[in-house]
Trainee: 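Structure in structure tokens, see below.
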Amino acid sequence: MYDQDMTLDELITACANEGTHVVFKPFPYPGAYYAAHNLIIINSRNTAIQQRCTLAHEYVHALMGHSGHQKPSIEKKVTTRAALLLIASVDYRDAELLYGTDEEQIARELDVTLDILHAYKETLAEIPVSPTYPPNAHSQSE
């Protein structure tokens, strides 16, 4: 489910497969999920990148059965899961190799907002780095 680089069309299909209808229309917020109606509304006035990121975020709310705005800690988890739907690890690696620490360029390369990029980078910081196994694989023991 994660590390997918989902497109807007793939997200719409995923929503439909879950029984959630997606509507694009002028809206006062970037987006919203209405659980009682199995409906996601995405602000049609936003850029395609903003719409994709918002739809991923609202799709995660739908998957988690949320209704209405959640407390900040839940919203953060939702954004992190959305980031994992939108950014494939190999694509992130390639973008970072191309642009170094320039987050705006990396976000543009990955077609995501800075919020989504930051959430993705936080997941990388949480991954433990394990030492090479077996240790000293190239040395000869006596």
Side-chain angles (χ1 to χ4, degrees), residues 1-139 141:
M1 177 177 175
Y2 298 111
D3 197 32
Q4 293 187 17
D5 186 24
M6 292 180 79
T7 66
L8 186 65
D9 287 340
E10 289 169 337
L11 286 163
I12 292 168
T13 299
C15 289
N17 290 342
E18 294 293 327
T20 301
H21 187 67
V22 178
V23 174
F24 293 83
K25 62 182 246 167
F27 197 60
Y29 306 104
Y33 169 61
Y34 296 96
H37 303 286
N38 290 326
L39 175 67
I40 293 174
I41 299 176
I42 301 297
N43 189 341
S44 61
R45 288 180 254 183
N46 286 344
T47 68
I49 289 171
Q50 291 168 326
Q51 290 176 7
R52 176 177 174 251
C53 293
T54 300
L55 180 54
H57 181 95
E58 299 305 333
Y59 172 58
V60 172
H61 277 302
L63 290 176
M64 298 178 81
H66 295 160
S67 185
H69 194 76
Q70 305 296 304
K71 62 185 180 177
S73 62
I74 299 297
E75 289 294 335
K76 183 176 179 178
K77 287 178 186 176
V78 168
T79 299
T80 298
R81 289 184 180 175
L84 294 171
L85 291 173
L86 297 173
I87 300 174
S89 55
V90 67
D91 294 338
Y92 176 80
R93 180 200 65 205
D94 292 348
E96 193 174 68
L97 287 172
L98 275 173
Y99 300 111
T101 59
D102 188 335
E103 291 182 338
E104 288 185 13
Q105 287 285 15
I106 292 170
R108 263 190 230 107
E109 180 73 18
L110 299 172
D111 292 328
V112 297
T113 61
L114 282 172
D115 286 347
I116 291 289
L117 179 64
H118 292 154
Y120 185 82
K121 287 178 73 171
E122 285 181 22
T123 68
L124 296 179
E126 294 170 5
I127 298 171
V129 178
S130 59
T132 305
Y133 185 80
N136 302 318
H138 296 294
S139 65
S141 60

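Only heavy atoms go into these numbers, but all of them, side chains included; no hydrogens, no water, no symmetry mates. Bear in mind that the values here come from a model prediction, so they are computed numbers and not experimental data.
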Trainee: How far apart are the C-alpha atoms of V78 and H66, what are their side-chain angles, what is the distance that settles it, and do they pass the side chain to side chain contact (heavy atoms under 4.5 Å, CB included) test?
Mentor: CA-CA 10 Å; V78 168; H66 295 160; 3.8 Å; yes

Trainee: Are the side chains of T54 and N43 in touch, meaning some heavy atoms are under 4.5 Å apart?
Mentor: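 Contact flag for T54/N43 side chains = no.
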
Trainee: Measure across A83 and I116 and return the closest heavy-atom pair with its distance rounded to 0.1 Å.
Mentor: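 Shortest heavy-atom separation between A83 and I116 comes out as CB-O, 3.5 Å.
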
Trainee: For the side chain of T13 and the backbone of D9, is there at least one donor-acceptor N/O pair under 3.5 Å apart?
Mentor: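 Yes; at least one donor-acceptor contact below 3.5 Å.
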
Trainee: Give me the atom names and distance for the closest heavy-atom approach of Q51 to S44.
Mentor: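 In terms of heavy atoms, the two residues are closest at NE2-O, 3.2 Å.
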
Trainee: Output the distance between atom CD (Q70) and atom NZ (K77), rounded to the nearest 0.5 Å.
Mentor: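 Between Q70 CD and K77 NZ, I get 11.0 Å after rounding to 0.5 Å.
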
Trainee: Which heavy atom of N46 sits nearest to which heavy atom of P30, and what is that distance?
Mentor: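 Closest pair (atom of N46, atom of P30, distance): ND2-CA, 3.6 Å.
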
Trainee: Less than 4.5 Å apart, side chain to side chain, heavy atoms only: is that true for E10 and Q4?
Mentor: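 A side-chain contact under 4.5 Å is absent here.
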
Trainee: Would you name the heavy atoms of A32 and E58 that are closest together and state the gap between them?
Mentor: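 Taking A32 first and E58 second, the nearest heavy atoms are C-OE1, 3.6 Å.
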
Trainee: Just how far is it from atom NE2 of H57 to atom CD of Q50, taken to the nearest 0.5 Å?
Mentor: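 The NE2 atom of H57 sits 14.0 Å away from the CD atom of Q50.
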
Trainee: Side chains of L39 and V23: does their closest heavy-atom pair fall under 4.5 Å?
Mentor: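 Of all side-chain heavy-atom pairs linking V23 with L39, at least one is under 4.5 Å.
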
Trainee: Which is it for I12 and F24 under the side chain to side chain contact (heavy atoms under 4.5 Å, CB included) test, yes or no, and what are the steps along the way?
Mentor: CA-CA 11 Å; I12 292 168; F24 293 83; 3.8 Å; yes

Trainee: Taking side chain as C-beta onward, heavy atoms only, is L110 less than 4.5 Å from Y92?
Mentor: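 Yes, close enough: below the 4.5 Å cut-off.
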
Trainee: If I compare all heavy atoms of L55 with all of C15, which pair ends up nearest, and what's the gap?
Mentor: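 That closest heavy-atom pairing would be CD1-SG, 4.0 Å.
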
Trainee: To the nearest 0.5 angstrom, please state how far the CG atom of D111 sits from the CG atom of L86.
Mentor: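 Reported value, rounded in 0.5 Å steps: 10.0 Å.
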
Trainee: Does either side chain, that of H61 or that of E75, offer a donor lying less than 3.5 Å from an acceptor on the other one?
Mentor: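 Per modelled atom types, H61 and E75 side chains form a pair under 3.5 Å.
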
Trainee: Can you give me the closest heavy-atom contact between Y59 and L85, atom names plus distance?
Mentor: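 For Y59 and L85, the tightest heavy-atom pair comes out as CD2-CD1, 3.8 Å.
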
Trainee: So, taking the atom named CG in L8 and the one named CZ in R52, what distance separates them when rounded to the nearest 0.5 Å?
Mentor: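 Interatomic distance, L8 CG to R52 CZ, rounded to 0.5 Å: 8.5 Å.
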
Trainee: I need the N38 CG to Y33 OH distance, nearest 0.5 Å.
Mentor: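 Spacing of CG (N38) from OH (Y33) equals 5.0 Å.
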
Trainee: Within the 4.5 Å heavy-atom criterion, are H21 and I40 side-chain neighbours or not?
Mentor: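 No, their side chains stay 4.5 Å or more apart.
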
Trainee: Apply side chain to side chain contact (heavy atoms under 4.5 Å, CB included) to F27 and I42, showing your working.
Mentor: CA-CA 7 Å; F27 197 60; I42 301 297; over 6 Å; no

Trainee: Mind checking whether I87 and D5 have side chains closer than 4.5 Å, heavy atoms only?
Mentor: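 Not in contact.
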
Trainee: CG of D94 to OG of S89: how many Å apart, nearest 0.5 Å?
Mentor: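 Between D94 CG and S89 OG, I get 9.5 Å after rounding to 0.5 Å.
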
